[in-house]
K.L.:
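Can you keep this structure in mind? I'll have questions shortly.
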Amino acid sequence: MDQSLPELSSNIPNHVAVIMDGNGRWAKKKGKMRVFGHRNGVKAVRQTIEAAAEIGVKVLTLYAFSSENWKRPRKEVETLMSLLASSLRNEFSSLQKNNIQLRAIGDLENLPSKAQKELQEVIEATAQNDRMILNLALSYSSQAEIVRAVQCISKKVVNNELSIENIDKNTINNHLYTFSLPDVDFLIRTSGEQRISNFLLWQIAYAELYFTDTLWPDFSKNDFYEAIATYQKRERRYGQTSEQIL
Ligand code: IPE
Ligand code: IPE
Ligand code: MG
């Protein structure tokens, strides 16, 4: 056991979301191509999944590819897509072994058919697993997700399936890709950037935010535990005073 592991209390965030950023800069620092960084990011993904499951996180959402990332050079996009397909294949047995259920959010129809197929296979095969949900955000845009929800809700209103007065927070929640998941408790972004980049805008309304300079391929289990230790020192007040929540 690593002696430097931080002590964690029983206050484990239910839903952790991670913006896995910094692969390109990691590779550049080593004088390599950006795709070298992506390949080396896979290990950090595995470490994070294991660490989250080990401490009892219930939902782990990983931002793997944004809708905006389609604008990257074709070669880079192709490498990312084939890495996705091969990682799904390689990690399948360890997801099963660890009782982890895979899900995906985003405009999945934009993914190459090979990646879609691998994804669907693993999603179906792990559907009964109940230790943790691993939720991959792929071709994901939070604004597009909200637009889609508004379209669905409007259709129901027009068809007299829903009345305007009955639209509330739950209606919105129920029409997002994340409809069955709890709100995000803790959002981690690596690489030093301090922005949200169109990720889960609605779902992070009251999330605690954590930014670390560590570049994604260097992000280890210990880094994850340290982030959780920081979360545990925060006081989530939800608009109330400190005295009220004690
Ligand atoms: C994150 O690393 C991976 C994806 C966005 C797919 P980047 O590729 O964004 O790496 P940087 O930010 O350019 O260093
Ligand atoms: C956000 O990272 C998307 C993912 C981590 C998949 P980016 O590197 O694409 O974000 P920006 O462009 O720096 O905001
Ligand atoms: Mg980036």
Side-chain angles (χ1 to χ4, degrees), residues 15-49 51-52 59-88 90-91 102-112 114-116 118-119 133-147 176-178 181 184 186-204 207 209-220 223-224 227:
H15 187 170
V16 177
V18 187
I19 304 177
M20 311 184 289
D21 197 16
N23 293 352
R25 277 163 285 167
W26 183 90
K28 199 169 168 198
K29 265 177 46 186
K30 295 190 150 37
K32 303 273 175 91
M33 309 275 281
R34 293 179 55 82
V35 293
F36 181 71
H38 296 316
R39 283 200 197 94
N40 280 276
V42 177
K43 197 181 92 230
V45 174
R46 194 179 304 128
Q47 295 269 307
T48 302
I49 297 169
V59 184
L60 175 68
T61 298
L62 300 179
Y63 203 5
F65 194 84
S66 73
S67 298
E68 291 77 20
N69 289 148
W70 291 114
K71 294 183 282 196
R72 291 191 178 192
R74 189 175 55 87
K75 264 259 153 271
E76 181 171 345
V77 171
E78 278 172 10
T79 304
L80 282 166
M81 289 302 139
S82 65
L83 260 180
L84 169 65
S86 62
S87 304
L88 285 166
N90 296 337
E91 303 303 322
L102 184 76
R103 296 200 197 172
I105 56 172
D107 195 354
L108 305 179
E109 299 196 340
N110 279 341
L111 300 175
K114 195 163 153 37
Q116 279 189 46
E118 297 284 353
L119 196 59
I133 293 171
L134 169 63
N135 186 34
L136 293 183
L138 294 162
S139 190
Y140 177 84
S141 147
S142 181
Q143 290 178 332
E145 178 185 38
I146 293 168
V147 168
L176 297 173
Y177 290 126
T178 51
L181 302 176
V184 176
F186 191 42
L187 173 73
I188 299 172
R189 182 170 190 149
T190 59
S191 90
E193 305 299 351
Q194 301 198 357
R195 55 176 169 263
I196 303 299
S197 301
N198 206 1
F199 189 43
L200 303 174
L201 300 174
W202 170 275
Q203 298 89 335
I204 60 166
L209 309 182
Y210 178 87
F211 300 102
T212 168
D213 287 339
T214 304
L215 301 172
W216 181 251
D218 288 331
F219 194 74
S220 65
D223 291 320
F224 184 81

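Every number for a ligand or one of its atoms is a count from 1 in the order of the listing.
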K.L.:
Considering distance alone, does some N or O of G22 sit under 3.5 Å from an N or O of ligand 1?
P.N.:
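For ligand 1, there is an N or O atom that lies under 3.5 Å from one belonging to G22.
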K.L.:
Check this for me - ligand 2, E193, N or O atoms closer than 3.5 angstrom, yes or no?
P.N.:
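In this structure, E193 places no N or O atom under 3.5 Å from an N or O of ligand 2.
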K.L.:
Among all protein heavy atoms, pick the one closest to atom 1 (C) of ligand 1 and tell me residue, atom and distance.
P.N.:
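Here the closest protein heavy atom is M20 O, 3.0 Å.
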K.L.:
What protein N/O/S atoms are there under 2.8 Å from the Mg ion (ligand 3), waters excluded?
P.N.:
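Result, waters dropped: D21 OD1.
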K.L.:
E68: what forms a salt bridge (Lys or Arg N to Asp or Glu O under 4.0 Å) with it, not counting sequence neighbours?
P.N.:
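Partners of E68 under the salt bridge (Lys or Arg N to Asp or Glu O under 4.0 Å) test: none.
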K.L.:
Measure the acute angle between the ring planes of F36 and W26, then classify it against the limits of 30° and 60° as parallel, tilted or perpendicular.
P.N.:
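F36 and W26: parallel rings.
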K.L.:
Under 3.5 Å between any N/O of Y63 and any N/O of ligand 2: does that happen in this structure?
P.N.:
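The answer is no, given that Y63 and ligand 2 share no N or O pair closer than 3.5 Å.
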K.L.:
To the nearest 0.1 Å, how far is atom 14 (O) of ligand 2 from its closest protein heavy atom, and which atom is that?
P.N.:
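Among all protein heavy atoms, the one nearest atom 14 (O) of ligand 2 is S197 OG, 2.6 Å.
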K.L.:
So between R34, K28, K29, whose heavy atom ends up nearest atom 13 (O) of ligand 1?
P.N.:
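It is R34 whose heavy atom sits nearest to atom 13 (O) of ligand 1.
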K.L.:
Find all atoms of ligand 2 within a distance of less than 4.0 Å from any non-hydrogen atom belonging to R195, and give their numbers and elements.
P.N.:
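Reading through ligand 2 atom by atom, the close ones are 11 (P), 13 (O), 14 (O).
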K.L.:
Please work out, at 4.0 Å between heavy atoms, whether the side chain, the backbone, both, or neither of A64 comes within that distance of ligand 2.
P.N.:
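Only the backbone of A64 comes within reach of ligand 2.
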K.L.:
Can you tell if the side chain of E118 reaches within under 4.5 Å of the side chain of S87, non-hydrogen atoms only?
P.N.:
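Side chain of E118 against side chain of S87, heavy atoms only: no contact under 4.5 Å found.
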K.L.:
Could you tell me which residues satisfy side chain to side chain donor-acceptor pair (under 3.5 Å) with T214, sequence neighbours excluded, listed by chain and number?
P.N.:
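For T214 the side chain to side chain donor-acceptor pair (under 3.5 Å) partners, ignoring immediate neighbours, are T212.
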K.L.:
With no hydrogens and no angle check, is any side-chain donor or acceptor of N69 less than 3.5 Å from a backbone partner on S66?
P.N.:
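It does hold such a pair.
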K.L.:
Could you tell me which atoms of ligand 1, counted from 1 in the order shown, lie closer than 4.0 angstrom to a heavy atom of H38?
P.N.:
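Those qualifying, in numeric order: 3 (C), 8 (O).
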K.L.:
So which heavy atom in the protein is nearest atom 4 (C) of ligand 1, and how far is it from that ligand atom?
P.N.:
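Nearest neighbour among protein heavy atoms for atom 4 (C) of ligand 1, to 0.1 Å: R72 NH1, 4.0 Å.
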K.L.:
Residues in ring pair (Phe, Tyr, Trp, His ring centres under 6.0 Å) with Y210, at least two apart?
P.N.:
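By the ring pair (Phe, Tyr, Trp, His ring centres under 6.0 Å) rule, Y210 matches F186.
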K.L.:
With side-chain hydrogen bond (donor to acceptor under 3.5 Å, both in side chains) as the test, would you mind laying out the steps for W216 and S191 before giving the verdict?
P.N.:
CA-CA 7 Å; W216 181 251; S191 90; over 6 Å; no
K.L.:
Take N40 and N23, measure what side-chain contact (heavy atoms from CB on, under 4.5 Å) needs, and give me the verdict at the end.
P.N.:
CA-CA 8 Å; N40 280 276; N23 293 352; over 6 Å; no
K.L.:
Between R25 and E193, is there a side-chain N and carboxylate O pair less than 4.0 Å apart?
P.N.:
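E193 and R25: salt-bridged.
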K.L.:
Decide side-chain contact (heavy atoms from CB on, under 4.5 Å) for I19 and T190; before the verdict, give the C-alpha distance in whole Å, the side-chain angles of both, and the deciding distance to 0.1 Å.
P.N.:
CA-CA 7 Å; I19 304 177; T190 59; over 6 Å; no
K.L.:
Which residue and non-hydrogen atom of the protein lie closest to atom 2 (O) of ligand 2, and at what distance in Å?
P.N.:
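The answer is R189 NH2, 3.6 Å.
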K.L.:
Provide the number and element of each atom of ligand 2 under 4.0 Å from a heavy atom of I19.
P.N.:
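Answer, ordered by atom number: 5 (C).
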K.L.:
Among all the protein's non-hydrogen atoms, which is closest to atom 10 (O) of ligand 1, and how far away is it?
P.N.:
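Here the closest protein heavy atom is G24 N, 2.9 Å.
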K.L.:
Given that the side chain starts at C-beta and the backbone is N, CA, C, O, which of these parts of K71 lies under 4.0 Å from ligand 2, counting heavy atoms, or is it both or neither?
P.N.:
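For K71, no heavy atom sits under 4.0 Å from ligand 2.
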K.L.:
In ligand 2, which numbered atoms sit nearer than 4.0 Å to a non-hydrogen atom of F65?
P.N.:
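Listed by number with element, the hits are 6 (C).
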K.L.:
Do F219 and T48 have side chains that approach each other closer than 4.5 Å (heavy atoms only, starting at C-beta)?
P.N.:
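Yes, their side chains come closer than 4.5 Å.
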K.L.:
List the steps and the verdict of side-chain contact (heavy atoms from CB on, under 4.5 Å) for N110 and L108.
P.N.:
CA-CA 5 Å; N110 279 341; L108 305 179; over 6 Å; no
K.L.:
For a side-chain contact (heavy atoms from CB on, under 4.5 Å) with Q203, tell me which candidate from T178, I105, T61, L181 qualifies.
P.N.:
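The passing option is T178.
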K.L.:
Given side-chain contact (heavy atoms from CB on, under 4.5 Å), test M20 with I188 step by step and report yes or no.
P.N.:
CA-CA 8 Å; M20 311 184 289; I188 299 172; over 6 Å; no
K.L.:
Only heavy atoms of N69, strictly under 4.0 Å: list the atoms of ligand 2 that pass.
P.N.:
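Result: 3 (C), 6 (C), 9 (O).
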K.L.:
Any nitrogen or oxygen of S66, side chain or backbone, less than 3.5 Å from one on ligand 2?
P.N.:
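Looking only at distances, the answer is no, because the N/O contact criterion of under 3.5 Å is not met.
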